[in-house]
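Order of the sequence lines fixes the chain letters, A, B, ..., with proteins taken first and strands second; residue numbering starts at 1 for each chain.
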There are 2 protein chains.
Amino acid sequence: MPAGRPNVLFIMTDQMRADCMSGVGHPVVRTPHLDHLASEGVLFRRAYVQSAVCGPSRMCFYTGRYPHANRSPWNEVPLPADEKTMGHYFGEAGYRAALCGKTHYTPDPFGDPGTQPEQGIRRVALAGLETWELNESRGEGWLAHLRSKGYGEDVIADPFAVEIPADAARTGHADHAGHAGRDHSAYPTRFKREDSDTAFMTDRAMAFMDDAGDSPWFLHLSYFKPHLPIVAPYPYNGLYDPADSPAPNRSPEELERPHPFHVPFRIERGGVAYDDEEVWRQRRATYYGLITEIDDHLGRLFGFMKDRGLWEDTLIVFTSDHGEYVGDHWMFEKELFYDEAYNVPFIVRDPRSSADATRGRTMDEFVESLDVLPTCLEVCGLGGADGTGGAGGADELGGPGGAGEPGMPPALQGRSLVPLLRGERPADWRREVFADWDFRFYWTPKKLGISPEKCRGWMVRDGRFKYWYFNGMPDVLFDLERDPGELRNVAGDPRYAEAVRDLRVRLMDWRMSNEDVSRVAWTYARRPGFGRDPFTA
Amino acid sequence: MPAGRPNVLFIMTDQMRADCMSGVGHPVVRTPHLDHLASEGVLFRRAYVQSAVCGPSRMCFYTGRYPHANRSPWNEVPLPADEKTMGHYFGEAGYRAALCGKTHYTPDPFGDPGTQPEQGIRRVALAGLETWELNESRGEGWLAHLRSKGYGEDVIADPFAVEIPADAARTGHADHAGHAGRDHSAYPTRFKREDSDTAFMTDRAMAFMDDAGDSPWFLHLSYFKPHLPIVAPYPYNGLYDPADSPAPNRSPEELERPHPFHVPFRIERGGVAYDDEEVWRQRRATYYGLITEIDDHLGRLFGFMKDRGLWEDTLIVFTSDHGEYVGDHWMFEKELFYDEAYNVPFIVRDPRSSADATRGRTMDEFVESLDVLPTCLEVCGLGGADGTGGAGGADELGGPGGAGEPGMPPALQGRSLVPLLRGERPADWRREVFADWDFRFYWTPKKLGISPEKCRGWMVRDGRFKYWYFNGMPDVLFDLERDPGELRNVAGDPRYAEAVRDLRVRLMDWRMSNEDVSRVAWTYARRPGFGRDPFTA
């Protein structure tokens with residue numbers, strides 16, 4: 001590879017759970033190519049997203065900043081124009097930074113979506129990424145491809161509809177209110193496997209790599225699946241037997257003594273459908289099929305990269321924007337703060353020899369979505385101890401020497417994983433992960449009479465506990481040692497009062513330490529003192 | 001006045017304590033004109049700033065938003081270009097919005113300091129205000145005035161230096177390390193009373209009112225005094241007898257069992273000078289003199305306004321950006337979270353007949369600096385229940401219907417005082433005030449080995465308690481019923497454990513409810529629901 005300039009392939013799936021890989025012991029789903037990637041890199045089992053909603057989780061990955069800092073804590077909330085993303089950092093460093101797939105990015109109507117040179121931001125396209133191929137779910141390019149392959153306009157208009165045989169025993173349940181009539185998970189889509197969105201995006205990723213040639217590139221390959229609607233092309237719709245689907249992680253107690261949010265949210269988000277055993281068995285089976293479909297195409301992609309001599313030149317990060325309950329906790333989708341929604345698959349393959357010592361290792365250090373950007377920058381020599389400080393010059397908010405790690409742009413709030421990839425464990429590695437959820441846009445708070453500005457929840461999870469804090473709502477605490485499935489809320493148990501106190505303080509310290517202090521850090525880097533030092537004068 | 005379009009005179013002093021007015025019973029200082037203003041308006045005794053540092057406190061007043069939301073939590077940290085200020089709101093509403101004096105505003109180097117039409121922001125000058133006369137402390141206009149009056153270049157170069165008689169008994173102490181040699185508070189400045197910065201700014205304010213003519217105007221008259229250096233022109237330097245200065249509010253216990261911050265901060269900020277009785281007596285006397293100097297000029301200004309027929313056409317708000325210890329708690333300046341630094345004078349005179357019922361009243365409802373902007377907007381018919389929603393159109397962040405009060409720009413985090421001015425007390429009026437302090441720029445955290453991102457403190461004060469929370473530092477709790485002077489930290493007393501728990505939760509709820517959600521609120525106002533209502537379907 002060009003010295004210190006590996007390419008970056010940042011692969012994201014949408015709504016894929018951390019446990020759905022054969023390499024971590026899932027009893028059903030097969031992911032041989034992801035397992036292969038992990039065998040040559042590091043698999044982090046405790047990787048957590050900072051939001052389990054597509055848009056804000058992605059904005060955390062893209063900006064390297066918490067939702068309250070990048071100020072886009074829900075879907076369709078515009079990312080402020082002064083937020084720098086992966087695309088900007090890599091673009092400014094001379095990489096060809098491109099998007100192939102989904103971002104859930106909403107541009108700032110108060111910012112100029114074109115060039116904003118006065119802010120030091122090159123906003124080439126979506127979130128600073130060149131739009132090589134856009135597919136938020138039904139992308140123009142994919143639909144054009146379907147049309148070119150002779151599919152009818154009925155398929156183009158509604159590609160995830162399935163043909164239901166006239167003699168079908170069931171017609172399925174609605175995914176949730178917003179997707180009525182779309183859940184017939186047993187039946188195949190009308191498009192063939194080679195024409196699926198996953199297949200098409202993979203082809204387009206390969207075309208990008210050929211197009212990029214010798215220029216260093218950063219490619220965000222972002223699949224829409226296994227996000228609902230949970231329907232797959234043949235043979236993935238029937239790849240797994242519903243009889244093999246593991247039973248949902250849930251207990252009667254969750255419905256007998258529920259958190260006030262639980263019941264309305266499971267109604268709002270379609271969880272009630274999963275009370276039916278046939279539904280959860282089939283949906284899980286098809287969900288696993290969609291994951292194996294992605295894995296198959298990653299196999300194609302990895303083979304292509306090896307053929308092209310790109311495998312040893314490319315940093316690969318594989319993850320998902322959040323998970324999916326598929327019936328766990330009586331829920332569908334990803335609301336509330338359970339691990340099934342926040343713990344995501346996370347594999348890093350650093351091609352450099354410095355990472356040889358850890359290839360094939362599984363690690364339990366806590367990872368946050370914010371870590372992807374600093375890791376990519378450091379591996380590419382653009383920040384951190386391994387870097388030259390190339391990302392962000394002296395006159396930009398992205399300048400070195402700020403609040404984050406040495407040599408990293410001060411706006412970044414995560415940590416580079418490079419020391420872990422080298423086999424070192426920093427003594428001060430984080431001991432917990434945090435999440436942040438703005439739920440004002442749902443119907444549940446309206447039903448409960450919660451005013452919009454109070455619709456915010458914080459979560460902290462360490463090795464022992466998971467704690468949810470809501471403004472004006474009951475606390476939730478799980479003792480993960482005794483209750484790894486998060487089935488029993490012990491927040492009201494006086495034996496846990498000290499734990500609740502401690503976790504609240506950690507939430508406060510987290511918030512205090514992670515304000516949006518880009519401009520503070522920028523100022524501090526230039527003027528670290530005020531007046532004369534009175535202690536040495 | 002033009003129907004619904006009163007002028008606004010927003011007067012701010014710098015570093016003036018809430019207790020330094022004769023109308024609130026101060027034993028020494030005389031402020032007859034402020035007392036007159038209060039007799040025709042409402043005096044709020046429990047008005048608190050959200051930061052006791054000039055720049056961030058002012059940015060709260062100007063933006064109507066907490067420091068963590070407007071992201072300018074310390075001096076010289078640029079106010080992000082997308083923050084709207086009083087100047088922008090009033091300018092867009094057709095007012096001539098101007099500055100006469102100090103702002104401590106730092107423009108955003110990442111934003112265009114000129115017009116930014118794409119952000120809906122008209123950035124005329126400093127913080128959106130037309131710069132009628134700028135005086136951050138030694139303004140060009142004032143210095144030119146001194147020159148035109150024949151003062152020598154030695155005075156121009158150092159206007160706050162005093163002539164020390166050859167037979168002076170004392171040569172004074174340094175204010176603090178940054179102002180060595182400037183504290184000779186007993187001696188008069190070399191400029192005469194009619195040429196002081198306070199006199200000049202008052203003259204310029206009157207000139208502005210004449211210049212503005214019949215156009216509705218918003219004038220921010222912002223005096224630099226009684227900010228240090230504590231020196232005054234004759235006769236104000238000797239107006240009060242040091243023998244009459246009330247003793248500082250402090251106890252030996254504060255130094256015997258100090259908070260880890262207390263001793264280094266009192267060294268860094270010059271508090272040790274006040275251990276000397278002659279120093280605190282003289283400095284207090286001169287400080288009071290500077291306040292009476294301002295009051296005298298306000299008397300001139302109010303007389304001018306009455307002569308010009310402006311008195312009944314103008315909303316007047318009088319306050320300060322923060323207080324000053326002048327020896328209380330063994331401190332100088334305004335660091336830490338004591339009431340002497342955070343409680344400020346606050347008088348509102350609403351000229352409308354709707355406020356007649358409360359003229360001359362003193363109120364104990366808690367007021368925050370954030371309340372000034374919504375109050376001004378509502379009195380001028382530009383927001384709130386009394387307004388027409390004129391501030392902020394449908395396509396701006398400042399549009400109506402967001403997170404704040406009905407009809408107010410959603411970015412605003414304070415409350416309009418108009419109901420109180422009408423004599424109504426909203427049932428949900430706030431029961432506490434909050435403050436936020438980023439202290440990374442000081443030397444004390446360096447001495448204590450606190451990393452920059454942990455240099456943040458939060459304060460909550462209600463009717464009973466004052467609580468300080470620092471990341472990784474001991475708690476501070478004062479029981480204000482038993483200890484109104486905040487002399488005895490009871491945070492470690494187990495009898496107060498429940499109070500500490502409650503106050504921490506209130507800090508968390510405050511933070512959760514007051515994120516910077518401008519864009520969230522903007523989005524929500526346009527799309528208050530997500531999908532279809534599952535509870536009515």
Side-chain angles (χ1 to χ4, degrees), chain A residues 68 71-74 76-78 80-82 108-112 118-120 176-178 264 267-268 395 397 403 438 440-443 447 452-454 456 458 469 471-472 501 504-505 507-509 511-513 515-521 523-524 527-535 537, chain B residues 68 71-74 76-78 80-82 108-112 118-120 176-178 264 267-268 395 397 403 438 440-443 447 452-454 456 458 469 471-472 501 504-505 507-509 511-513 515-521 523-524 527-535 537:
Chain A
H68 65 280
R71 293 162 288 149
S72 178
W74 215 73
E76 278 71 73
V77 175
D82 61 356
D108 187 354
F110 306 100
D112 177 357
E118 78 285 3
Q119 297 191 2
H176 61 63
I267 294 171
E268 176 166 5
D395 290 315
L397 278 183
D438 190 318
R440 76 184 65 198
F441 293 89
Y442 295 91
W443 292 95
K447 183 169 178 65
E453 74 279 7
K454 292 191 185 298
R456 197 97 183 198
W458 294 344
Y469 183 77
N471 190 338
R501 269 199 297 281
R504 279 185 186 162
V505 164
L507 281 176
M508 289 208 289
D509 289 347
R511 210 55 164 195
M512 285 188 136
S513 305
E515 293 292 345
D516 173 21
V517 291
S518 314
R519 282 168 179 76
V520 179
T523 307
Y524 186 76
R527 185 187 166 171
F530 169 65
R532 284 186 302 152
D533 181 352
F535 303 110
Chain B
H68 66 279
R71 293 163 288 150
S72 178
W74 215 72
E76 278 70 75
V77 174
D82 61 356
D108 187 352
F110 305 101
D112 177 358
E118 78 284 5
Q119 297 191 0
H176 62 63
I267 293 171
E268 175 164 4
D395 290 315
L397 280 183
D438 190 318
R440 74 184 64 198
F441 293 89
Y442 295 91
W443 293 94
K447 185 169 178 64
E453 75 278 7
K454 292 190 185 298
R456 197 96 183 200
W458 294 344
Y469 183 78
N471 190 338
R501 269 199 296 281
R504 280 185 185 161
V505 165
L507 281 176
M508 290 208 288
D509 289 347
R511 209 55 162 196
M512 286 189 135
S513 306
E515 296 292 345
D516 172 22
V517 292
S518 313
R519 282 168 179 76
V520 179
T523 307
Y524 186 76
R527 187 188 164 168
F530 169 64
R532 283 187 301 150
D533 181 351
F535 303 110

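- Contact of A:D438 with chain B is made through the side chain alone, with heavy-atom distances under 4.5 Å.
- Taking both residues in full, the closest heavy atoms of B:R440 and A:V520 are given as NE-CG1, 3.3 Å, listed atom of the first, atom of the second, then distance.
- The heavy-atom pair separating A:L507 from B:M508 by the smallest distance is CB-SD, 4.1 Å.
- When all heavy atoms of B:Y469 and A:V505 are compared, the pair lying nearest together is OH-CG1, 3.0 Å.
- Atom OG1 of B:T523 is separated from atom CH2 of A:W74 by 10.5 Å, given to the nearest 0.5 angstrom.
- Closest heavy-atom contact between B:R519 and A:P78: CD-O, 3.5 Å.
- For the residue pair B:M512 and A:R456, the shortest heavy atom distance occurs at CE-O, 3.2 Å.
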### Message
With side-chain contact (heavy atoms from CB on, under 4.5 Å) as the criterion, how do B:Y524 and A:E453 come out once you've worked through the C-alpha distance, each side chain's angles and the decisive distance to 0.1 Å?
### Response
CA-CA 11 Å; B:Y524 186 76; A:E453 74 279 7; over 6 Å; no

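- Considering NZ of A:K454 and OG of B:S513, their distance stands at 4.5 Å, rounded to 0.5 Å.
- The closest donor-acceptor contact from the side chain of B:W443 to the backbone of A:F530 lies under 3.5 Å.
- Looking at B:I267 and A:F535, their side chains come closer than 4.5 Å, going by heavy atoms from C-beta outward.
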